[in-house]
Amino acid sequence: MSTQLQSLTKGLQVYKEIVNYGKPILASTLCDRLDINKSTMSRILQTLNDENYISYLDNSNEIIPKSLENKTTQKTKIQILVEKTKPILENVYELTKECAYFGVFDDYKVLYVNQIDKSNRKVKTRNNIGLQAPLHTNALGKSILAFGNYDLELIKLNQYTHNTITDMSFLEEAIEQVKENGYSIDNSEYQDNMSCVAVPLFNHENILIGAVGISGTKERLSIEKLNSLGKEISQLVENYKVVC
């Protein structure tokens, strides 16, 4: 076997070990697991790093594949957003006494990142953290579409209730209404008998990072109530800029 082919084989073995290890790994651990000396391992890792196959976690000596780095970075960002949005969600809950949410854009869906519900109701809103919902069906999604920059043609207008928007022209009209009002409404468009209202949330550079809203039963949240709370939540959130 040629020297070049041997080097390629060892490089692939090292990369495979890094990927399969499932967590950050040290060069010394790789040497022990693969029985490769330190100088050879150093050259292999330098090549993998130069070719953008691996990176070092937070400037440490811990090695991770690039795919894991992306997941780690995303997880860290979400953790920061959970911490940063907790105060505003608590304020929204105290204002409305309804379950408060924070959601972000995620592959043309809403990803529920944070949720606060301190009510003593026997039947409480389910825990939605980590779940996704179609953008066109809920208040969080409509606020994100109205104040973000996304291609509406990429949205699949599937129907979930008799109130779901399934026509693009109607969705465009709804988004224009959200821009005018500063808040968005979900009138049982994703779940029967559930209503929602949401407003956009921006960071300290005035860049949209997601939407804040509440949900509750139609008995508690009529259209008139949603419009009233939409204005109040908008005023509450208006001066709250997330620093992250």
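Please read these numbers as outputs of a predicted model, since none were measured by experiment.
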Q.
Going by the rule side-chain hydrogen bond (donor to acceptor under 3.5 Å, both in side chains), which residues pair with Asp151 if we only count those two or more places apart in sequence or in a different chain?
A. none

Q: May I ask you to test the Ser55-Ile64 pair for a side-chain heavy-atom distance under 4.5 Å?
A: yes

Q: Decide side-chain contact (heavy atoms from CB on, under 4.5 Å) for Gln13 and Lys10; before the verdict, give the C-alpha distance in whole Å, the side-chain angles of both, and the deciding distance to 0.1 Å.
A: CA-CA 5 Å; Gln13 288 175 339; Lys10 284 186 177 180; 4.2 Å; yes

Q. Which residues satisfy the side-chain hydrogen bond (donor to acceptor under 3.5 Å, both in side chains) test with Asn37, sequence neighbours excluded?
A. Ser39, Thr40

Q.
Please tell me whether Met194 and Val197 are part of a single hydrophobic cluster in this structure, the criterion being side-chain heavy atoms less than 4.5 Å apart.
A. no

Q: List the steps and the verdict of side chain to side chain donor-acceptor pair (under 3.5 Å) for Thr164 and Thr137.
A: CA-CA 6 Å; Thr164 304; Thr137 64; over 6 Å; no

**Q.** Partners passing side-chain hydrogen bond (donor to acceptor under 3.5 Å, both in side chains) against Asn91 (at least two apart in sequence or in another chain)
**A.** none

Q. Do Leu154 and Met168 share a hydrophobic cluster, counting only Ile, Leu, Val, Met, Phe, Trp and Tyr and linking them when any side-chain heavy atoms are less than 4.5 Å apart?
A. yes

Q: Verify the distance criterion only: is there a donor paired with an acceptor across the side chains of Thr161 and Ser188 at less than 3.5 Å?
A: no

Q | Side-chain donor/acceptor of Thr96 to backbone N/O of Val92, under 3.5 Å | A | yes

Q: Could you tell me whether the side chain of His136 and the main chain of Asn158 form a donor-acceptor pair under 3.5 Å?
A: yes

(Q) Taking Arg43's backbone N and O only, do any of them form a donor-acceptor pair with Thr47's side chain (distance below 3.5 Å, no angle check)? (A) yes

**Q.** Listed partners of Asn181 passing side chain to side chain contact (heavy atoms under 4.5 Å, CB included), at least two apart
**A.** Gln177, Tyr183

Q. Does one side chain, of Thr85 or Asn114, offer a donor that lies under 3.5 Å from an acceptor on the other?
A. yes

Q | Whether over 12 other heavy atoms sit under 6.0 Å from Lys16 NZ | A | no

Q.
Taking Asn138's backbone N and O only, do any of them form a donor-acceptor pair with Glu189's side chain (distance below 3.5 Å, no angle check)?
A. no

Q | Any residue meeting side-chain hydrogen bond (donor to acceptor under 3.5 Å, both in side chains) with Ser195, in chain and number order, not counting sequence neighbours | A | none

Q. With distance as the sole test, does Tyr240 use its side chain to make a donor-acceptor pair with the main-chain N or O of Leu201 at under 3.5 Å?
A. no

Q: Could you tell me whether a side-chain N or O of Ser215 sits under 3.5 Å from a main-chain N or O of Cys196, the two making a donor and an acceptor?
A: no

**Q.** Short side-chain donor-acceptor distance under 3.5 Å, Asp106 and Gln132
**A.** yes

(Q) Counting C-beta onward and ignoring hydrogens, is there a side-chain heavy-atom pair between Asp167 and Leu157 closer than 4.5 Å? (A) no

Q.
Is it the case that over 12 heavy atoms from other parts of the model lie below 6.0 angstrom from the OH atom of Tyr150?
A. yes

Q.
My understanding is that only residues two or more places apart in sequence, or in another chain, count here; which of them pass side chain to side chain contact (heavy atoms under 4.5 Å, CB included) with Leu26?
A. Ser28, Thr29, Asn61, Glu62

